[in-house]
Amino acid sequence: MPARTAPDSLVLGTWGLAGRGGLPLDRSYGEVTEDAALETMDLAWAAGLRHLDTAPGYGAGEGLRRVGRWQADRGRTWHVAAKPGRPLTARGPASDLSPPGLLREIAHTAALTGPPAHILVKDPPPRSYTDGGLAGALHALDGRFPGARVGVAGHLPEALAEFAERPEGAAPPRGRIAQIELNAVNHRVARPAADRLAARGWEVWAMQPLAYGFLARADPPPASGRDWRSTLPPEARRALRAAARSFARGVGADRAPTGWTRGPVPQASWAIAFCLGIPSVTRTVIGPKNAAQLRDALLALELLSHPDAVERTHAWATGTPREAADTAR
């Protein structure tokens, strides 16, 4: 597997940088100042990142506005992946795959950040994978935006893999993008789906945002009212914490890789390295809320230069006896 670099392997996700945007705390990622967001974008650009992921609903549009202000002030332009299909309504996000709805969201994004390089239909409803709704949306976008690559950003990797294997899901010559959640919780389902999607000509982007907290660290979720994670049911929180603990034990996150001289490695760096170590994954979407979290993501690229780190993440993902023994304790 060739060496991973920031420009060709990482996408800066911006939900965590959007702040509240006037939304209630339990419908956002909490308070993030504009200064912190702009500093994080500065560091990402300096590190070589050029792809950025955003959606109109992030921070009720504040994410788009911050990206636009950063570009105008710095005189630089991101390769923006716009994600229409789930606009924010008075009742919260709602699916809308109709061509007029998609075009409205794309126009809103383009007015603030410029024409998108990629357009990913966001969280299509399950029925749309089989009733023609998703296929119709993709083909409509292909025709309207011939210069952009079109794809899907969703949380149903198996359904998307099955869609890609049917005639209506065949990738056009310029390819498709599949942005799928792939992390410590769902990897046994999502990793085979990533392989299937790549085999059908879809470029796979793995979603592994640091801002998800307990998906990247084995610590408890935020206190009630702090952000959207505090509203998850108790059983979901338990499952997430169990997965994080299993991942930490399985990769030996408390032990530096052989030959490592940089000091302790944050578990978040291990989580990003796990995604980047999957051959069928082209890019990993990260979701830092500040410069420190971004540095953790960048550290993952260095981890992958150490064979011991690569072997550990692979061994955990494939369920070696060591992981099974650790998990049982």
Side-chain angles (χ1 to χ4, degrees), residues 1-13 16 39-40 43-44 46-49 181-188 190-191 194 205-221 240-329:
M1 184 173 178
R4 295 282 199 175
T5 65
D8 63 23
S9 299
L10 297 179
V11 179
L12 181 63
E39 178 191 14
T40 305
L43 179 60
L49 277 76
E181 189 166 354
L182 203 170
N183 51 51
V185 176
N186 75 341
H187 73 99
R188 296 197 187 284
R191 182 167 182 169
W205 293 10
M207 285 188 277
Q208 174 64 291
L210 299 189
Y212 280 0
F214 43 61
L215 293 190
R217 300 188 304 273
D219 53 14
L240 291 169
R241 287 197 293 270
R245 288 194 296 268
S246 173
F247 177 73
R249 288 193 297 263
V251 301
D254 59 340
R255 296 180 289 107
T258 303
W260 184 262
T261 60
R262 292 285 304 273
V265 181
Q267 186 170 322
S269 304
W270 284 102
I272 300 295
F274 162 68
C275 285
L276 292 172
I278 298 172
S280 56
V281 170
T282 300
R283 301 181 188 274
T284 294
V285 183
I286 56 174
K289 297 176 71 173
N290 52 52
Q293 288 186 343
L294 177 59
R295 292 187 185 97
D296 287 348
L298 296 173
L299 199 62
L301 297 168
E302 294 188 43
L303 272 180
L304 290 175
S305 67
H306 289 258
D308 177 42
V310 175
E311 190 279 330
R312 286 196 222 172
T313 58
H314 177 74
W316 174 78
T318 54
T320 63
R322 179 182 68 181
E323 186 218 4
D326 286 343
T327 304
R329 282 203 290 270

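Keep in mind the model is a prediction, meaning the values are calculated, not measured.
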> Looking at OG1 of Thr5 and CG of Leu49, how far apart are the two atoms once the value is rounded to the nearest 0.5 Å?
9.5 Å
> How about Asp296 and Ile272: do any of their side-chain heavy atoms sit closer than 4.5 Å?
no
> For the atom pair CG (Leu303) and CZ (Arg4), what is the distance rounded to the nearest 0.5 Å?
13.5 Å
> Considering all heavy atoms of both residues, which atom of Leu276 and which atom of Ala300 are nearest to each other, and what is their separation?
CD1-CB, 4.4 Å
> What is the distance from atom CG of Leu304 to atom OG1 of Thr313, rounded to the nearest 0.5 Å?
7.0 Å
> Go through the steps to decide whether Trp260 and Val265 satisfy the test side-chain contact (heavy atoms from CB on, under 4.5 Å), and finish with yes or no.
CA-CA 9 Å; Trp260 184 262; Val265 181; 3.5 Å; yes
> I need the minimum non-hydrogen distance between Gln267 and Ala244, along with the two atoms involved.
NE2-O, 3.2 Å
> Give, for atom CG of Asn183 and atom CZ of Phe274, the distance between the pair rounded to the nearest 0.5 Å.
8.0 Å
> Going from NE2 on His306 to OG1 on Thr261, what distance comes out if it is rounded to the nearest 0.5 angstrom?
7.0 Å
> Got a salt bridge between Arg312 and Asp308, using NZ or NE/NH1/NH2 to carboxylate O under 4.0 Å?
yes
> What are the two closest non-hydrogen atoms of Leu298 and Ala47, and how far apart are they?
CD1-CB, 3.7 Å
> Would you compute the distance between atom CD1 of Ile278 and atom NE2 of His187 and round it to the nearest 0.5 angstrom?
9.0 Å
